[in-house]
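Following: one structure in structure tokens, then a few remarks.
This one's a predicted model, so the numbers in the text were calculated from it and none came from an experiment. Whatever order the structure lists ligands and atoms in, that order sets their numbers, starting from 1.
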Amino acid sequence: MKQSQPVLTIVVPCFNEEEVFQETSRQLTEVVDSLIEEKLIGEDSKILFVDDGSKDRTWALIAMESIRNKKVTGLKLACNVGHQRALLAGLHKAKNRSDCVISIDADLQDDISVIRDFMLKYHEGCEIVYGVRRSRKTDTFFKRTTALGFYRLMNKLGIKLIYNHADFRLMNKRSLEELARYPEANLFLRGIVPMIGFRSAEVLYDRKERFAGKTKYPLKKMLSFAFNGITSFSVAPIRFFTLLGFILFFFSTVAGVGAFIQKLLGHTNAGWASLIISIWFLGGLQLMGIGIIGEYIGTIFSEVKRRPKYAIDIDLYNEPLSPLQRQEKERLEKKYS
Ligand code: UDP
Ligand code: MG
């Protein structure tokens, strides 16, 4: 009897990636074809491009390609929701129709030749396979140091992260089902996936430069990403301020008693410097502490609302198509044939 092979879906979030799309799609199709040839994956394996509300021609390119190339399919989100959520949308969709799913960025900075190694690990029985960068030579000095600092900080705070692993990974159906049970709105996949705890493996690769287009992660997004990562996983910053508060309280009590004794002994002095310093110091400290607590309250605020994380506009992936979707497909077919 012919043994059936696992169906793989490669999920690729895309935000304004018209410059890289063609090449990415070509290279990934090549990989998928060769894996099918090798019988490592099933014939129904697909590449699912998730358009994260792009403002350029990305979606048109995806739709067009999906007509020409049976391996390519697409999911269009109604508006830009950010990389993590776009990725999640793709994973949620893909898990129903695949045995395993690989996520990768559209710019192919991650080495696609290791997708084969991912599949080998999968066949060995690993449920999650992490792609781990061997070095960050091609990243800018700034990105390298901030990233390293981020990992160090997260580790100190007790958040289990795979060092030098981004969102290039394989997950099998079972681990995706588990992932779907995490309801939080502040998603930080790199922190959540290791928490699932199934049998995992790491595969090393060299990270390349973006071959076209520019990064969609400017400093502001990176900072908010890092902040989300910390506040959705650890209360250590709050603990730190509580501790600091206690220490300061202790010292100010001691100093207060000291000052009182001095006063009784008649050794009073102007004391302006110490007064003004402590006012500024404590004021700053309090504001900082309140700010951090505020961050957590903000996180709670966005969690309790339980808002959906994304809205799907067009889904070319899930057949049978609804009449409206068929219309859209026919429209595109006409337009681009
Ligand atoms: N991305 C997305 N939505 C966004 C920002 C980025 O889907 O709001 C996608 C982007 O198209 C790419 C991936 O996330 O496929 C990673 O982005 P990028 O390569 O710009 O980040 P970097 O590699 O510079 O960290
Ligand atoms: Mg990139």
Salt bridge (charged side-chain N to carboxylate O under 4.0 Å, His left out), paired with Glu17, selected from Lys214, Arg57, Arg210:
Arg210
Please list, in number order, the atoms of ligand 1 under 4.0 Å from a heavy atom of [X].
X	answer
Gln109	19 (O), 23 (O)
Glu17	10 (C), 11 (O), 12 (C), 15 (O)
Asn80	3 (N), 4 (C), 8 (O)
Lys221	4 (C), 5 (C), 8 (O)
Asp107	18 (P), 19 (O), 23 (O)
Tyr217	17 (O), 20 (O), 21 (O), 25 (O)
Arg207	23 (O)
Arg210	18 (P), 19 (O), 20 (O)

Between Thr58 and Asn16: side-chain donor-acceptor atoms closer than 3.5 Å
no
Suppose we measure from atom 24 (O) of ligand 1 to each protein heavy atom; which comes out shortest, and what is that distance?
Thr215 OG1, 2.6 Å
Looking only at protein heavy atoms, which one is nearest to atom 6 (C) of ligand 1, and how far off is it?
Lys216 CB, 3.6 Å
Close approach, Met222 and ligand 1, non-hydrogen under 4.0 angstrom:
no
Contact check: Ala106 vs ligand 1, nitrogen or oxygen atoms, below 3.5 angstrom
yes
If you round to the nearest 0.5 Å, how far is OG of Ser103 from CG of Leu170?
8.5 Å
At the Mg ion (ligand 2), OD2 of Asp107 and OE1 of Gln109 open up to roughly (10° bins) 100°
